[in-house]
Amino acid sequence: MAHLRETSDKALKLLRTLPRVQIGNLRPNPNSKQNDKRGRAQHGGDKHGAGNKGSGQRQNFMRLGYETGNQPFYLRFPYEPYYKGHHMKRQYPPISLLQLQVLIDTNRIDISQPVDISTLCNSGLLKLKPAEMEYGFQLTDEGLDNFKAKINIEVQHANEAVIAAIERNGGVIRTAYYDPRSLHMLANAKKWFEKGVPIPYRMMPPQDAMDYYTDAKNRGYLANPEEISKDRLVLAQKYGYQLPRIEDDSAYEMLSATKDPRQVFYGLEPGWLINVVDKTIMRRKK
């Protein structure tokens, strides 16, 4: 009991020395309250990463080419005439013979049927963007010595070495022009057919491309077939290979398949309507 009395005496003595309990003396328990506001940190934390004033804070971004009052780049340098019309020039994304051989070996392309833009886009590995002035594919000579396929292919541009590589294996190559509307159809034929619109006519090449597609050396689709036959023999003699006779080939029907200059799809004439749901073709009456 003596111990308890001493303890109570000490407590009473302590209370006599402490000030009276007031609002100013009340304090919450430590860590019982959390501050929800961000601290200002070293460089100030009240802007949340948006900075102080200006377009970055208000998300009112400057227009392209504006340099905050300075004379812009396109006015500091003089106009160069060789850039005139550059944004309107036709582009031809490249596809090499090596890539084409890989697509054939992996069964991405069926060479028992003629190959055109639609076949290449349906492989799932090549894309064509007509909205970005891409007017088809050009076949390049990379993998020239490794190409062994016999194919009937239609591209938009090819050089002499590529033509020789195709014809050396008994194949046929043709360069053809497609207008932007036809290119949109070939790049995604299913989407076009789902519109329920008749197939339109393919437009003829513009004046600056007419010479290329009427030249037999380029295997243009508007060239004279007799001149193409003569140039095939001349090219074989130039590159030193025996030109195979297509007429004696068992796949002559496939190799000789061509499109009309106003035709977009193989086997489908302009004016026909494709019903994807019913899987029917509505032909135009003649």
Side-chain angles (χ1 to χ4, degrees), residues 89-121 123 125-126 128 134-178 186 205 208-261 263 266:
K89 290 184 178 180
R90 292 184 291 273
Q91 306 295 323
Y92 298 97
I95 171 175
S96 65
L97 288 172
L98 179 62
Q99 289 177 292
L100 185 61
Q101 186 66 54
V102 171
L103 292 175
I104 295 171
D105 295 339
T106 55
N107 295 324
R108 292 276 186 171
I109 291 179
D110 182 15
I111 60 175
S112 64
Q113 300 294 330
V115 177
D116 61 350
I117 295 177
S118 181
T119 309
L120 296 173
C121 291
S123 66
L125 299 177
L126 298 172
L128 190 67
E134 294 182 354
Y135 275 71
F137 296 101
Q138 61 170 322
L139 199 57
T140 62
D141 55 1
E142 182 183 1
L144 187 71
D145 299 330
N146 297 326
F147 188 77
K148 304 299 180 184
K150 181 171 62 177
I151 188 173
N152 181 2
I153 186 169
E154 181 186 78
V155 292
Q156 283 58 61
H157 194 278
N159 58 25
E160 188 181 74
V162 171
I163 295 173
I166 297 290
E167 295 178 349
R168 179 183 58 195
N169 298 327
V172 176
I173 185 171
R174 193 176 299 102
T175 57
Y177 171 83
Y178 289 92
L186 290 168
D208 59 343
M210 186 63 73
D211 292 339
Y212 183 85
Y213 292 110
T214 55
D215 192 351
K217 294 182 179 180
N218 301 325
R219 302 300 186 267
Y221 74 117
L222 298 177
N224 189 346
E226 295 180 359
E227 294 182 3
I228 292 179
S229 299
K230 293 178 182 178
D231 198 82
R232 281 169 55 89
L233 182 59
V234 171
L235 194 63
Q237 294 174 350
K238 179 179 180 179
Y239 281 83
Y241 59 86
Q242 186 69 29
L243 183 65
R245 284 181 55 85
I246 299 176
E247 296 80 3
D248 301 334
D249 200 298
S250 59
Y252 172 73
E253 185 177 354
M254 183 273 295
L255 294 173
S256 61
T258 59
K259 294 180 184 179
D260 186 82
Q263 188 178 357
Y266 279 108

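Worth knowing before you read on, the calculation uses all heavy atoms, side chains too, and leaves out hydrogens, waters and symmetry mates. Each residue takes its place number in the sequence, starting with 1.
- A donor-acceptor distance shorter than 3.5 angstrom exists from the side chain of Tyr213 to the backbone of Gln156, with no hydrogens or angles considered.
- Put simply, the side chain of Asn152 gets close to the backbone of Ala257: a donor and an acceptor are under 3.5 Å apart.
- Within 6.0 Å of OH in Tyr252 there are 12 or fewer heavy atoms belonging to other residues, nucleotides or ligands.
- Pairs engaging residues 109-121 under the salt bridge (charged side-chain N to carboxylate O under 4.0 Å, His left out) rule: Asp116-Lys259 [sequence neighbours left out].
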List, one per line, each side-chain donor-acceptor pair under 3.5 Å for residues 134-148, sequence neighbours excluded.
{"unit_1": "Glu134", "atom_1": "OE1", "unit_2": "Lys129", "atom_2": "N", "d": "2.8"}
{"unit_1": "Gln138", "atom_1": "NE2", "unit_2": "Tyr92", "atom_2": "O", "d": "2.9"}
{"unit_1": "Lys148", "atom_1": "NZ", "unit_2": "Asp145", "atom_2": "O", "d": "3.4"}

Donor-acceptor contacts, no H, no angles, side chain residues 223-230, under 3.5 Å, sequence neighbours left out:
{"unit_1": "Asn224", "atom_1": "OD1", "unit_2": "Glu226", "atom_2": "N", "d": "3.2"}
{"unit_1": "Ser229", "atom_1": "OG", "unit_2": "Pro225", "atom_2": "O", "d": "3.1"}

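- Each of Val102, Leu103, Leu126, Leu125 was evaluated against Ile109; a single residue qualifies, Leu103, per the side chain to side chain contact (heavy atoms under 4.5 Å, CB included) test.
- In this structure a side-chain-to-backbone donor-acceptor pair under 3.5 Å is present from Arg108 to Ser123.
- Note that OH of Tyr212 and NE2 of His157 are 3.5 Å apart. Values are rounded to the nearest 0.5 Å.
- Remark: side-chain polar atoms of Asn169 are paired, donor with acceptor, to backbone N or O of Ala165 under 3.5 angstrom.
- Summarising the geometry, atom CG belonging to Leu128 is positioned 11.5 Å from atom OH belonging to Tyr178; distances are rounded to the nearest 0.5 Å.
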Working for side-chain contact (heavy atoms from CB on, under 4.5 Å), residues Leu100 and Ile153: CA-CA 10 Å; Leu100 185 61; Ile153 186 169; 3.8 Å; yes
